[in-house]
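To find a chain, count down the sequence lines: A is the first, B the second, and so on, and within it residues start at 1. Atom set for the values below is all heavy atoms of this structure, side chains included, hydrogens, waters and symmetry mates excluded.
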Amino acid sequence: MGAIRALRGTRDILPPEVVYWQQVEQVARGVFARASYQEIRPPIFEQTELFARGIGEATDVVGKEMYTFSDRGDRSITLRPEGTAGVVRAFIEQNLGSQGNVQRLWYTGPMFRYERPQAGRQRQFHQVGAELLGSGSPVADVEVIALATDILRELGLRSLKLDLNSVGNKGDRTRYRQALIDYLTPYQSELDPDSQDRLTRNPLRILDSKDQRTQEITQGAPSILDYLEPESQSHFEQVQQMLTDLDIAYQINPRLVRGLDYYTHTAFEIQSDDLGAQATVCGGGRYDGLVAELGGKETPAVGWAIGMERLILLLQDLQTQSPPSPNFYLVSRGDRAQAQALVLAQKLRYFGFTVELDLSGAAFGKQFKRADRSGAPACLIIGETEAEQQQVNLKWLTSQEQETLTQNELFSRLDQLKAKIG
RNA sequence: GCGGGCGUAGCCAAGUGGUUAAGGCAGUGGAUUGUGGUUCCACCAUUCGUGGGUUCAAGUCCCAUCGUUCGCCCCA
């Protein structure tokens with residue numbers, strides 16, 4: 001009947017689900033705070049150029065998934081498809097690295113990609129991300145990976161696996177790329193069509209093709225790990241050693257390739273078997289070239305992003321959370337009584353209680369039913385009689401005990417009630 | 001962008017071409033006109049996502065479209 005619906009790939013996150021989102025945000029905030037990471041909030045849209053240059057013109061994200069439009073001033077604008085480019089732009093523009101010091105930043109918010117929606121994949125989706133700018137040390141890589149594993153572990157998620165790889169520096173990758181092309185070319189006609197396409201454009205991505213024949217062929221392909229310069233190799237080895245020191249389990253996956261062009265050296269993904277095709281909960285790595293690519297000083301950096309929707313799917317399987325119950329449910333009937341109930345509610349709130357006010361004016365029986373459902377341990381009742389006498393009935397919903405006091409008496413006992421309600 | 005499944009009330013659903021579209025949860029009213037969590041009764045879809053078609057007859061078959069879901073793709 002002409003009702004307007006949410007756009008495809010967007011959805012309303014309703015209060016029962018928001019509880020999980022708040023849980024994730026709270027845990028993430030705590031982990032970040034303890035590691036001295038500070039929150040940054042860059043804009044949701046940026047010049048298209050930022051993403052084109054940062055993520056890479058040849059990537060699918062830039063090539064066919066961005067929400068790009070012209071604004072009224074004829075600027076080409078893009079809704080951010082990921083968080084790193086905006087953070088790096090801010091880092092450069094605001095001179096956050098001016099003293100050569102390390103910046104530890106985190107962010108959360110919506111991202112936008114024009115894709116076919118499926119479970120764990122929306123057009124508007126949300127990420128929490130961490131970025132450590134200004135350190136090329138393998139310690140930084142591991143610090144950052146540990147943030148992600150800490151958040152996931154604190155949320156109670158087990159049975160996630162961490163895949164680790166090194167994609168080396170630019171030179172390493174150029175040499176490996178050539179080796180891979182040399183290896184694959186004789187098999188060209190046997191590869192799946194997508195992979196044939198990539199052979200010249202982006203051969204590394206052929207490694208994570210799901211096509212069976214392509215997988216068989218790549219089984220015998222050279223490994224990037226054999227093409228790392230000694231320095232890259234040493235970096236990778238130190239990362240592994242430190243992960244082991246921290247008891248963070250990982251497996252090396254030389255076929256792990258990230259889809260965004262800016263990654264160098266360490267690349268990692270955290271995956272779950274319970275998410276179907278969209279198994280990656282967290283992905284990230286080192287991106288030493290990006291700051292310079294976007295016009296800043298040469299600055300090493302490493303970071304990751306967690307997909308909130310996917311994480312919350314896992315969390316909902318694991319535990320049940322309900323929206324919080326109020327301390328008091330306020331039952332009232334009649335104009336004067338309702339007005340007094342409102343005043344009472346406010347005073348209780350100022351004292352720190354959570355209070356839900358029944359606005360229905362319905363029969364007491366109905367209001368009690370709702371009081372019960374609200375989960376409040378106690379309700380306060382003001383009817384015509386109480387209103388006249390400035391009284392209130394305090395009823396404990398568990399024991400059915402009820403007493404009548406004056407409203408002033410109630411206020412004088414708030415400390416005592418606080419102790420009782422907790 | 002490609003391929004398959006699905007779309008019945010706020011939610012979960014039965015219904016496989018034949019007259020009045022099960023049931024449950026939630027909701028509303030009442031038994032109980034100022035006291036809940038149990039119980040009982042009543043009410044709650046002129047209509048099956050939307051539009052068209054086939055048929056004497058369509059929720060049921062066909063086409064289109066929108067949405068959703070699974071896979072490809074992509075990625076968090």
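- Across all strands shown, R11(A) has no heavy atoms under 4.0 Å from either base or sugar-phosphate atoms.
- Of the side-chain N and O atoms in R121(A), none sit less than 4.0 angstrom from OP1 or OP2 of C75(B).
- Taking every side-chain heavy atom of K395(A) into account, U35(B) is the closest of G71(B), U35(B), C75(B).
- Contacts of D194(A) with the nucleic acid, taken as non-hydrogen atoms under 4.0 Å apart, involve only primed sugar atoms and P, OP1 or OP2.
- Within the nucleic acid shown, G375(A) has no heavy atom closer than 4.0 Å to any nucleic acid atom.
- Ranking G29(B), C73(B), G34(B) by closeness to the E386(A) side chain, first place goes to G34(B).
- Taking atom C1' on both nucleotides, A22(B) is separated from U8(B) by 12 Å, rounded to a whole Å.
- Comparing the P positions of U47(B) and G15(B) gives a spacing of 23 Å, expressed to the nearest Å.
- G4(B) sits 24 Å from G17(B) when the P atoms are compared, rounded to a whole Å.
- Here R333(A) lies in heavy-atom contact (under 4.0 Å) with sugar-phosphate atoms only.
- Checking U28(B), G1(B), G34(B) against the side-chain heavy atoms of N393(A) singles out G34(B) as nearest.
- Side chain of Q196(A) to backbone of Q188(A): a donor-acceptor contact under 3.5 angstrom is found.
- No contact: E82(A) has no heavy atom under 4.0 Å from any strand.
- Here, A58(B) and G53(B) have their C1' atoms 11 Å apart, quoted to the whole Å.
- In this structure, G120(A) reaches the bases: a heavy-atom distance under 4.0 Å links it to at least one base atom across the strands shown.
- As judged by a 4.0 angstrom heavy-atom cut-off over every strand, L397(A) is placed among the base-contacting residues.
- Rounded to a whole Å, the NZ atom of K366(A) is 7 Å from the C1' atom of U28(B).
- Among the atoms of the strands shown, base atoms are found under 4.0 Å from some heavy atom of Q400(A).
- Note on E384(A): a base of the nucleic acid sits closer than 4.0 angstrom, heavy atoms only.
- Among the protein residues, A371(A) comes within range of no part of the nucleic acid, since none of its heavy atoms lies under 4.0 Å from any strand.
- Here the C1' atom of nucleotide A76(B) and the CG atom of L162(A) are 15 Å apart, to the nearest Å.
- Looking at the side chain of F125(A), the nearest of the listed nucleotides A76(B), C73(B), U35(B) is A76(B).
- Listed for the R286(A) side chain is no donor-acceptor partner under 3.5 Å among the backbone atoms of P300(A).
- Side-chain N or O atoms of R113(A) include none that pairs as donor or acceptor with a backbone N or O of V61(A) at under 3.5 Å.
- When distances are taken from the side chain of R116(A) to each of U69(B), C73(B), G67(B), the shortest belongs to U69(B).
- Pairing for G18(B) goes to C56(B), judged as Watson-Crick or G-U wobble with the two contacts each under 3.5 Å.
- In this structure, R373(A) atom CZ and G27(B) atom P are separated by 4 Å, rounded to whole Å.
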**OP:** Go through the steps for Y37(A) and W106(A) under the test ring pair (Phe, Tyr, Trp, His ring centres under 6.0 Å), then give the verdict.
**Re:** CA-CA 6 Å; Y37(A) 281 65; W106(A) 72 274; 9.4 Å; no
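- One interatomic measurement links the two molecules: CG of L14(A) to P of G10(B), which rounds to 15 Å at whole-angstrom precision.
- Side-chain contact between V24(A) and T108(A) is absent, with no heavy atoms from C-beta onward closer than 4.5 Å.
- Judged by the 6.0 Å and 45° rule, R41(A) forms no cation-pi pair with Y107(A).
- For the P atom pair drawn from G30(B) and G36(B), the interatomic distance equals 14 Å after rounding to whole Å.
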